[in-house]
Structure formats: C-alpha cells, structure tokens
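One structure is given below, encoded as structure tokens.
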Amino acid sequence: MNRRGILIVISGFAGTGKGTIVKGLLSKYDDFALSVSMTTRNPRPGEVNGESYFFVTKEEFEKTIKEDGLIEYASYCDNYYGTPKAYVEEQLAKGRNVILEIEIQGALIIKEKFPDSMLLFIMPPSAKELKDRLTGRGTETPDVIAKRMRRAADESEGIEKYDYIVVNDTIDKCVEDTYNIIEAYHMRPVFNEDFINTVRQGLKDINN
Ligand code: 5GP
C-alpha cells in the first residue's frame, strides 16, 4: 500500500555520532534516501565532492539561493550550508523517506515549510561522554574542542523544538531506536491516506 515518504531531519552536537547513525540506517534499511548538502566550507581529507557535500564557492552558493534552488540554508561557523531542493522533492514524490543531516536553524525552517517533517535530535549519554569522545578522536586541538563544547551548550537550548530525542549510547541500539521511531511516525494518518481511503471506500461499498 502506498505510504507517503517522511522528511526526516537529524541533528546533534559535533561528536555525538550522528553521521554514524545515518550510515547505519542507510546500510541496514533500504527505504531511505540521504540528501547531499551544498556548502562553502573546504573539503576535509577523504571527503568526496557530490558524496559528502557539493563543495561550491560563495558566489555559486549565492547564485543557487537566488535561483530558489535550496529548501533551506544557514550560516554555520562562517560558512554556508544548504539543502538542494530538486533531490528532496524527487525522492519524496517517489514515496521515499529522505534524511537531512542539518543543524538547528535549518531544521526549524524545514518544520515550518514541511509541518509533517520529523525532527530528531541525537543526544550523547552525558556532557562528560561528549567531551571524552571529542578528545578521544585525537584529531582536534584543545581549543577546537572547547569551541565545540561551547557550541553544544548553545545548541542544547533548542532541543525541545525537536519531535524526538535518541540517545547514542551504543550505535546499534541507537540505529534501532531511530528506525523504530520513524516506523511509528509513519503510522500517522497523514502518511497513509491511500490506505485509509481504500478502507473507507470499501466500507461504503459494503454498506450500499
Ligand atoms: P560540518 O562542517 O561538520 O560537516 O557540518 C557543520 C554543521 O552543518 C553540522 O551540524 C551539519 O549537520 C550542518 N549541516 C550540514 N549540511 C547542512 C545543510 O544543508 N543545512 C543546514 N542548515 N545545516 C547543515
């Protein structure tokens, strides 16, 4: 039976493992499409253009804004990040769930434009665990870690605006919890109008 796809926004502090959770969802289940964002920041080692992000210049980004090519965009740590419109619209039209891994300003714009979208925030088990994870990566200087921890404190003020939180204690459990929440959200009537109308019509036919 046709179900409408859900626009799923996944946010979380740097270091909570949201990227790993999204990868887990995509590898375990086949009903998800991941939107690739456009950004003006420089690629990090190992990042591939068109896979991690579409890496563009500020001029190209601003041109895309003018052409109404983005569903939402935000400025984060001196760079632009935005969600290209065409891919999301195409995938939703096919009935697929589309995942956006974006920060809170963008998440709130999405909720406004798509009231049926689902906003999910990945939480660390504790503040100390987040700090330990960021330190444990060994890739960031103490300065950068301190900056990210301050940013996390700011971002934490907006968590109540999300529909759900999921705690990333162990990855597998977090992927499963996230999937179960999405499945439950999918049972909302708004995503099942074809099925509801079919049963409704069937009842009318039987009663006539
Ligand atoms: P990073 O530079 O670490 O890849 O991403 C920085 C932040 O930007 C992360 O919180 C990430 O989720 C967010 N982000 C990535 N793509 C987008 C986007 O298209 N729109 C918005 N609003 N945020 C994004």
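Everything quoted here is computed from the prediction, not taken from an experiment. Start at 1 and go down the list; that is how both ligands and their atoms are numbered.
- A pairwise comparison of heavy atoms in N97 and I6 identifies OD1-N, 3.0 Å as the closest pair.
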Kindly list each side-chain donor-acceptor pair under 3.5 angstrom involving residues 115-127, sequence neighbours excluded, with atom names and distances?
residue : atom : partner : partner atom : Å
D116    : OD2  : R4      : NH2          : 3.4
S117    : OG   : F114    : O            : 2.7
S126    : OG   : E129    : N            : 3.1

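- Residues satisfying the ring-ring contact (aromatic ring centres under 6.0 Å, His included) criterion with Y87, sequence neighbours excluded, are absent altogether.
- Crowding of F13 atom CZ: a count of heavy atoms from other residues, nucleotides or ligands under 6.0 Å exceeding 12.
- In this structure the side chain of R44 reaches within 4.5 angstrom of the side chain of R41, judged on heavy atoms.
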Please tabulate, for the side chains in residues 201-208, all donor-acceptor contacts under 3.5 angstrom to protein atoms that are two or more places apart in sequence or on a different chain.
residue : atom : partner : partner atom : Å
Q201    : NE2  : D205    : OD1          : 3.0
N207    : ND2  : L203    : O            : 3.1
N208    : ND2  : K204    : O            : 3.3

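- The 4.0 Å heavy-atom shell around ligand 1 contains residues K18, S37, R41, R44, Y53, E72, A74, Y76, Y81, G82, T83, E101, I102, E103, G106, ordered by chain and number.
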